[in-house]
Amino acid sequence: MKKTIAEINARIQAGKAVVVTAEELIPMVMAQGVTETARHVDVITTGTFGPMCSSGAFLNLGHPAPRMKMSKVLLNGVEAYAGLAAVDAYLGATQIPETDPENKNFPGEFNYGGGHVLEDLVAGKEVLLEAYAYGTDCYPRKKLEKMIRLEELPQAFLFNPRNAYQNYNVAVNLTDRTLYTYMGILKPNLGNANYSTSGQLSPLFNDPYYRTIGPGTKIFLGGGVGFVSWYGTQHNPLAPRGANGVPTSPAGTLAVIGDLKQMSPRWLRGISYLGYGVSLMVGLGIPLPVLDEEVVRFAAVSDSEIFAPVVDYSESYPQGLGQVLGTVSYAELRSGEISVNGKKVPTAPLSSYYGAREIAATLKDWILQGEFLLTAPAFNLPREAGVPAYGRLVFPQEG
Amino acid sequence: MKEKMVLYFPSTVTEQPFIYYLVKDFNLMVNILKADINPRKEGRIVVEISGEKPDFAAGLDFLQARGVKVFPLEQEIIWVEERCTHCGACSVICPVNALELNRTTMKIEFHGDRCVVCEHCLKACPSRAMEARY
């Protein structure tokens with residue numbers, strides 16, 4: 001059984017496509033088997049809604065008169081990098097205001113930052129723009145202060161260099177003091193274990209060898225339509241994998257892009273981690289075209305077959321020791337309790353499974369309504385060291 | 001003794017000093033937790049007052065004699081559902097399971113009757129969906 005993306009798109013346009021979420025696929029494959037399911041289903045949708053720190057947006061702020069080459073840009077007091085052309089800037093999700101007390105009164109609260117500015121922008125709120133420049137013959141203006149709205153900006157696009165991590169650590173704390181981390185609050189003496197993927201719904205768990213995903217793949221991003229633009233920073237396809245091909249530690253990542261003006265504050269949320277900083281929760285979903293039976297076989301993976309490493313965030317992670325306390329399945333994580341060093345430890349997700357479910361369902365709906373056609377990637381995400389189809393690229397060996 | 005309470009100021013007295021006298025004349029320690037006072041309008045402050053028992057009683061008499069109404073603090077934690085992303089981070093922080101992740105729906109449920117107002121959730125919630133009201 002083989003299908004092409006063109007054939008699948010024709011079925012979508014004819015209103016005949018069969019679309020299921022990666023979660024709905026699991027019982028279907030159990031009941032009917034891979035072959036029958038692959039014959040029947042055209043598209044499998046995935047989703048994830050979690051903190052993705054490596055996110056941000058390119059903003060074109062529009063030329064004032066007289067013109068200005070903005071060299072310092074603040075949005076609601078949060079600096080956006082302006083070392084670009086005259087009125088371009090990049091606002092990063094984890095940037096905090098210069099006036100933020102940081103961790104001086106530990107643990108710092110980090111109530112507002114880049115992620116929140118992005119949420120305010122997509123919510124249609126007015127944001128204070130302050131810009132400074134040294135002034136040139138062509139760009140004489142030195143200062144600008146005005147309220148702006150996203151709809152008034154000539155262009156604004158989200159461009160996240162590292163999203164949708166294929167697997168992630170389960171964070172615990174072996175010491176007798178509370179830790180405040182990007183994996184949330186970790187209570188002393190294995191008080192809790194925090195994890196952060198949507199498991200069986202997560203895009204790259206369902207296509208572990210990136211057989212259908214690469215630059216050009218059209219996706220759900222922040223409530224709008226976006227694209228995979230490149231493999232993400234720290235993309236490591238060489239991470240160890242289980243017999244089912246699923247990585248057992250952090251592996252592949254995606255760089256993604258999309259028009260900020262289409263997005264919604266429901267799926268781009270500024271968040272604050274006590275004692276750590278600010279970030280952005282990003283909603284992201286990828287449709288997998290059922291090109292062959294293998295697509296279904298991989299996407300039918302369930303939480304009990306996906307494993308994550310348990311890592312101590314008091315020593316192993318911060319010191320970069322690479323020690324792992326054990327491995328647990330996402331089924332165990334989602335049950336609310338895992339066992340670490342012989343102790344029962346309550347678990348908490350940082351990634352919203354409920355949100356992931358809604359994203360996969362929304363994407364399914366878009367496709368069923370014929371509003372969202374699939375695209376073929378320009379090339380598949382690199383999956384091994386060596387030379388990929390598009391040219392020379394060598395990944396370093398692990399270590 | 002030490003107690004948290006809500007002081008209600010009618011508009012006629014909001015421009016008079018009270019905290020000063022509580023400290024100076026009654027030897028009380030006053031910690032203002034929350035204040036909403038505007039000139040010529042009624043106001044409210046939430047305070048924690050500590051001191052010796054006779055001073056405490058005399059201080060409250062002084063407030064009430066000047067028209068300030070004193071109420072016990074009935075604090076409440078509010079779950080602002082539209083800000084909640086249902087991530088689940090709060091569920092291991094809440095010591096009494098008032099914030100619970102339903103494992104079937106994978107949604108957060110807030111059981112206000114179990115809440116002991118420890119306020120741990122206020123800063124543990126990444127999207128700041130938990131608020132304290134007095």
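None of these values were measured; they are calculated from a predicted model. Below, chain A is the first sequence line, B the second, and so on; all start at residue 1.
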Side chain Arg357(A), main chain Thr105(B), donor-acceptor under 3.5 Å: yes
Any donor-acceptor pair under 3.5 Å from Ser91(B) side chain to Ala348(A) backbone: no
Determine whether more than 12 heavy atoms belonging to other residues, nucleotides or ligands lie under 6.0 Å from atom [atom1] of [X].
X	atom1	answer
Tyr20(B)	OH	no
Glu48(B)	CD	yes
Tyr21(B)	OH	no
Asn27(B)	CG	no
Lys125(A)	NZ	no
Glu42(B)	CD	no
Lys187(A)	NZ	yes

Chi angles and distances behind the side-chain contact (heavy atoms from CB on, under 4.5 Å) call for Arg128(B), Ser272(A): CA-CA 8 Å; Arg128(B) 299 284 188 264; Ser272(A) 307; 3.4 Å; yes
Between Pro107(A), Ser196(A), Gly336(A), Ala193(A), the one whose heavy-atom pairs under 4.5 Å with chain B are most numerous: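 If we count pairs closer than 4.5 Å to chain B, Gly336(A) comes out on top.
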Which value, rounded to the nearest 0.5 Å, describes the distance between [X] atom [atom1] and [Y] atom [atom2]?
X	Y	atom1	atom2	value
Met106(B)	Leu201(A)	CE	CG	10.0 Å
His86(B)	Phe49(A)	NE2	CZ	10.0 Å
Glu119(A)	Arg83(B)	CD	CZ	4.5 Å
Met281(A)	Thr85(B)	CE	OG1	3.5 Å
Ile271(A)	Cys87(B)	CD1	SG	7.5 Å

Passing candidate, side chain to side chain contact (heavy atoms under 4.5 Å, CB included) with Val92(B), options Thr347(A), Ile185(A), Asn194(A):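 Exactly one pass, corresponding to Asn194(A).
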For the student: nearest non-hydrogen atoms of Cys84(B) and Arg269(A), plus distance: N-NH2, 4.2 Å
Atom group of [X] that falls short of 4.5 Å from chain B, counting heavy atoms:
X	result
Arg334(A)	both
Tyr180(A)	neither
Ser279(A)	neither

Cys125(B) versus chain A, the contacting section by heavy-atom distance below 4.5 Å: backbone
Lys/Arg N to Asp/Glu carboxylate O, Arg266(A) vs Glu82(B), below 4.0 Å: no
